[in-house]
> 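My questions all concern the structure below.
In this chain, numbering begins with 1 at the start of the sequence shown.
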Amino acid sequence: MEDGLGRKLLERTPRLVRLSADGSAFLGPARNLVAAHHGAVGSFGLERRRLVVGISIISSAPNCRCC
């Protein structure tokens, strides 16, 4: 998504991931868009579904103690 927008939404370090200033500016309108989408789909009376996203860290580095 960052590539498509041409902006960094997250600041990443080995120990931390947080919203950048652009990410903070993007978050509110993005939430509004998702809410509008849910409202539009909900107008059909369809069953609501939940999306769950998980993250796995896999390292092939020798002696890695991160996971």
Side-chain angles (χ1 to χ4, degrees):
M1 182 180 297
E2 290 177 320
D3 289 341
L5 295 171
R7 304 282 178 123
K8 289 288 184 188
L9 301 177
L10 300 171
E11 295 174 359
R12 299 169 183 87
T13 69
R15 295 182 179 258
L16 180 69
V17 176
R18 65 179 171 207
L19 284 175
S20 67
D22 285 336
S24 292
F26 183 78
L27 184 58
R31 283 183 171 161
N32 293 339
L33 177 64
V34 171
H37 169 75
H38 285 163
V41 171
S43 69
F44 293 123
L46 298 175
E47 179 183 326
R48 187 172 179 186
R49 298 180 185 173
R50 183 175 177 182
L51 172 65
V52 177
V53 178
I55 298 173
S56 296
I57 299 173
I58 300 173
S59 175
S60 60
N63 302 320
C64 174
R65 295 185 182 162
C66 65
C67 30

> So, do D22 and E2 sit near enough that their side-chain heavy atoms are less than 4.5 Å apart?
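The answer is no; the side chains never approach within 4.5 Å.
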> Report, as yes or no, whether the 6.0 Å neighbourhood of atom CZ on R12 holds more than 12 heavy atoms from other residues, nucleotides or ligands.
yes
> In Å and rounded to the nearest 0.5 Å, what is the NZ to CG distance from K8 to D3?
7.0 Å
> Which heavy-atom pair separates A25 from P29 by the least distance, and what is that distance?
O-CD, 3.2 Å
> Please say yes or no: joined through hydrophobic side-chain contacts below 4.5 Å, possibly via intermediate residues, are V34 and F26 part of one cluster?
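No.
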> Looking only at heavy atoms, which two atoms of L19 and S24 are closest? And how far apart?
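Reported closest heavy-atom pair: CB-OG, 3.8 Å.
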